[in-house]
Amino acid sequence: KGICQRKDGLYYARFVDKTGKRHEKYLPTLPEARNWIEESKYADAHEDVFVATDTTVDQWFDFWIENIVGDLAPNTLRNYRERYVHNIQPVMGKMMIANVKPMHCKKVFIQMDADYAGSTIRQAYITMGTMFKAAKMNDLIAKHPMDGVRYHKPVKEAKAIRFLTIKETQQFLNAAKNTSDYFQYALVLETGLRTGELIGLTWDAIDWEKRTLTISKTMEFRYKQQEWRAGPPKTASSYRTIPLTGSAYQILEELYHQRLIRKVDPALPETLPYLDRRTGRTTSLVMRDLVFINKRTGRPIKNSSYDTNIYKICRHCGIAPFSMHALRHTYATRAIEGGMPPKVLQKLLGHASIKTTMDTYVHVTDDSLERAVRQFEENKITIVSCLTILILSFFLNVYMYYFINDNINNINDKIGNLEVNKEEIKEEEEITYVYVDIKGEIKKPGTYKMNKEDRVIDVIEKAGGLTSNASTIANNL
């Protein structure tokens with residue numbers, strides 16, 4: 001059932017899985033057709049998804065690299081292709097993808113172990129893992145064949161990133177001032193651009209009014225093909241707008257005024273197409289709008305040329321050589337030392353993850369370590385001084401509180417002895433007297449309108465003189 005023979009001798013086998021999807025295959029013999037149906041039924045009963053077995057690993061890789069991961073950075077795609085052609089394809093390229101088992105994946109790593117570095121084996125691991133994961137997501141396989149598979153050759157620990165101290169930065173810029181690439185070096189130190197972003201920078205990326213620079217493309221020279229290629233930034237997070245410092249703005253402004261008189265090679269292609277990941281559309285980089293052009297050749301400066309020129313400058317000024325990317329590291333280091341929050345730095349550098357920023361750039365330099373210790377020491381002195389002042393202030397306030405209260409009580413006692421019966425005084429009657437009003441002020445002898453709330457010290461007859469108590473008080477006023 002489900003098998004028939006065609007006129008050309010091939011056997012046609014068909015099978016409907018539990019989801020209602022029909023699968024079919026042409027086989028040369030009847031036993032093979034029967035076996036295929038039995039295997040298909042067994043797989044359908046024991047696996048979550050039944051998958052066809054007639055797609056080879058080679059066929060899937062070609063589809064995967066073009067249609068599923070085709071929008072990744074060119075360098076990433078190149079790494080995938082190299083690892084597949086040199087290491088994965090010889091082991092499993094002709095196999096049906098559904099027949100690939102963990103032992104086949106492990107064989108790839110065993111064959112690489114003697115001749116390849118741990119980092120290269122890791123690239124093959126990533127390539128296979130990503131490729132088979134996409135196959136499982138698209139129902140070509142029911143189980144990931146690399147589950148439980150590991151490689152054991154260690155990946156060498158990455159070297160500490162190279163960045164310039166403040167002194168080295170000044171030495172380098174002074175030595176580079178008379179070179180043709182000075183503006184590029186200075187701009188990277190002010191913005192933290194990647195080399196490809198710097199090379200692909202065009203004038204339309206600069207907003208002179210808002211004083212910002214927008215990164216939306218990159219450019220690099222492909223030596224194997226001997227051609228320039230434009231492309232999207234490294235990741236989606238690399239699309240960003242950077243506020244320009246005063247120095248960065250001046251650099252770009254000076255270059256903008258020189259753009260009409262600079263040499264441009266007529267052999268340059270007019271435009272380079274590239275994919276904009278944000279829109280999914282192909283757009284173009286206009287070569288004549290590039291900000292940085294070699295003054296001598298009239299062409300863009302190649303990636304490796306920057307490093308070569310930097311090595312020469314380093315030898316001239318006596319500092320350890322470094323690459324162009326070290327200037328980006330230096331920018332990030334100065335930003336952290338200046339107190340920039342790591343999350344802000346992540347956005348400016350275009351990192352997809354804050355972990356990348358923290359792991360790569362949040363390190364302690366010798367200069368910042370010394371400044372931190374000095375600041376700690378100064379803070380301790382400041383804290384001790386503040387505590388001393390607070391303690392003295394506390395005791396002074398206590399003393400003043402009791403001293404003033406004692407004096408107030410003494411005054412109240414004296415005034416209480418001089419009070420007269422307030423009931424003898426009629427409300428608002430005009431009488432000459434000495435008294436303390438409700439605000440606590442002692443009034444001099446005279447004629448006033450008095451309220452019952454006032455405290456009478458002594459009453460003075462209209463026709464008579466001051467009484468003894470009134471005279472004493474009046475003389476003390």
Asks: Do Thr179 and Asp181 have side-chain atoms, one donor and one acceptor, less than 3.5 Å apart?
Replies: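 Not at all, the side chains of Thr179 and Asp181 share no donor-acceptor pair under 3.5 Å.
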Asks: Is there a donor in the side chain of Gln89 and an acceptor in the side chain of Asp58, or the other way round, less than 3.5 Å apart?
Replies: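 Indeed, the side chains of Gln89 and Asp58 share at least one donor-acceptor pair under 3.5 Å.
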Asks: When you compare the side chain of His104 with that of Lys107, does any pair of heavy atoms fall below 4.5 Å?
Replies: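 They are not in side-chain contact.
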Asks: With a cut-off of 3.5 Å and sequence neighbours excluded, list every side-chain donor-acceptor pair involving residues 123-132.
Replies:
from, atom 1, to, atom 2, distance (Å)
Tyr125, OH, Arg150, NH1, 3.4
Thr127, OG1, Gln123, O, 2.8
Thr130, OG1, Ile126, O, 2.7

Asks: Enumerate the residue pairs fulfilling ring pair (Phe, Tyr, Trp, His ring centres under 6.0 Å) with a member in residues 218-248, sequence neighbours excluded, ordered by first and then second residue.
Replies: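 Listed once each, the pairs are Phe221-Tyr223, Phe221-Trp228.
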Asks: Any sub-3.5 Å donor-acceptor pair from Arg240's side-chain atoms to Ser238's backbone N or O?
Replies: yes
Asks: Is it true that the side chains of Gln170 and Lys167 contain a donor and an acceptor less than 3.5 Å apart?
Replies: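 Judged by distance alone, the side chains do not pair up.
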Asks: Output all residues satisfying ring-ring contact (aromatic ring centres under 6.0 Å, His included) with Tyr26, sequence neighbours left out; order by chain, then residue number.
Replies: Tyr12
Asks: Decide yes or no on salt bridge (Lys or Arg N to Asp or Glu O under 4.0 Å) for Arg299 and Asp265, but give the supporting numbers first.
Replies: CA-CA 6 Å; Arg299 295 184 171 213; Asp265 188 346; 2.4 Å; yes
Asks: Could you give all pairs that pass the ring pair (Phe, Tyr, Trp, His ring centres under 6.0 Å) test and reach residues 268-309, with sequence neighbours left out?
Replies: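 Residue pairs passing ring pair (Phe, Tyr, Trp, His ring centres under 6.0 Å), neighbours aside: none found.
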Asks: Using the ring-ring contact (aromatic ring centres under 6.0 Å, His included) criterion, which residues pair with Phe61? Sequence neighbours excluded.
Replies: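 Phe61 satisfies ring-ring contact (aromatic ring centres under 6.0 Å, His included) with Trp64, Tyr84 only.
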Asks: How about Lys343 and Ile354: do any of their side-chain heavy atoms sit closer than 4.5 Å?
Replies: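 When only atoms from C-beta onward are counted, Ile354 and Lys343 do touch, with a gap below 4.5 Å.
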Asks: Partners of Arg162 by side chain to side chain contact (heavy atoms under 4.5 Å, CB included), sequence neighbours excluded?
Replies: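 Counting only residues at least two positions away or on another chain, Arg162 forms a side chain to side chain contact (heavy atoms under 4.5 Å, CB included) with Leu164, Glu168, Ala320, Phe322, Ala326.
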Asks: Return the set of residues passing side chain to side chain contact (heavy atoms under 4.5 Å, CB included) with Val16 (not counting sequence neighbours), or none when no residue passes.
Replies: Arg22
Asks: Kindly write out the residues that satisfy ring-ring contact (aromatic ring centres under 6.0 Å, His included) with Phe183, not counting sequence neighbours, or none if the list is empty.
Replies: none
Asks: Quick one: list whatever passes side-chain hydrogen bond (donor to acceptor under 3.5 Å, both in side chains) with Tyr151, sequence neighbours left out.
Replies: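 Once residues adjacent in sequence are excluded, Tyr151 has no partner under the side-chain hydrogen bond (donor to acceptor under 3.5 Å, both in side chains) criterion.
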Asks: Show me the side-chain donor-acceptor pairs of residues 242-256 shorter than 3.5 Å, one per line, residues at least two apart or across chains.
Replies:
from, atom 1, to, atom 2, distance (Å)
Thr245, OG1, Glu190, OE1, 2.7
Thr245, OG1, Ala248, N, 3.1
Tyr256, OH, Arg259, NH2, 3.3

Asks: Any sub-3.5 Å donor-acceptor pair from Asp113's side-chain atoms to Phe109's backbone N or O?
Replies: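 No: the side chain of Asp113 does not pair with the backbone of Phe109.
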Asks: Only counting residues at least two apart or in another chain, list the ones meeting salt bridge (charged side-chain N to carboxylate O under 4.0 Å, His left out) with Arg122.
Replies: none
Asks: Could you check whether atom CE of Met137 has more than 12 heavy atoms from other residues, nucleotides or ligands sitting under 6.0 Å from it?
Replies: no
Asks: Going by distance alone, is a donor N or O of one side chain under 3.5 Å from an acceptor N or O of the other, for Ser305 and Thr308?
Replies: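 Note: Ser305 and Thr308 side chains miss the donor-acceptor criterion.
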Asks: For residues 207-215, which side-chain donor-acceptor pairs fall under 3.5 Å, sequence neighbours excluded?
Replies:
from, atom 1, to, atom 2, distance (Å)
Asp207, OD1, Glu209, N, 3.1
Asp207, OD1, Lys210, N, 2.9
Thr214, OG1, Thr241, OG1, 3.2

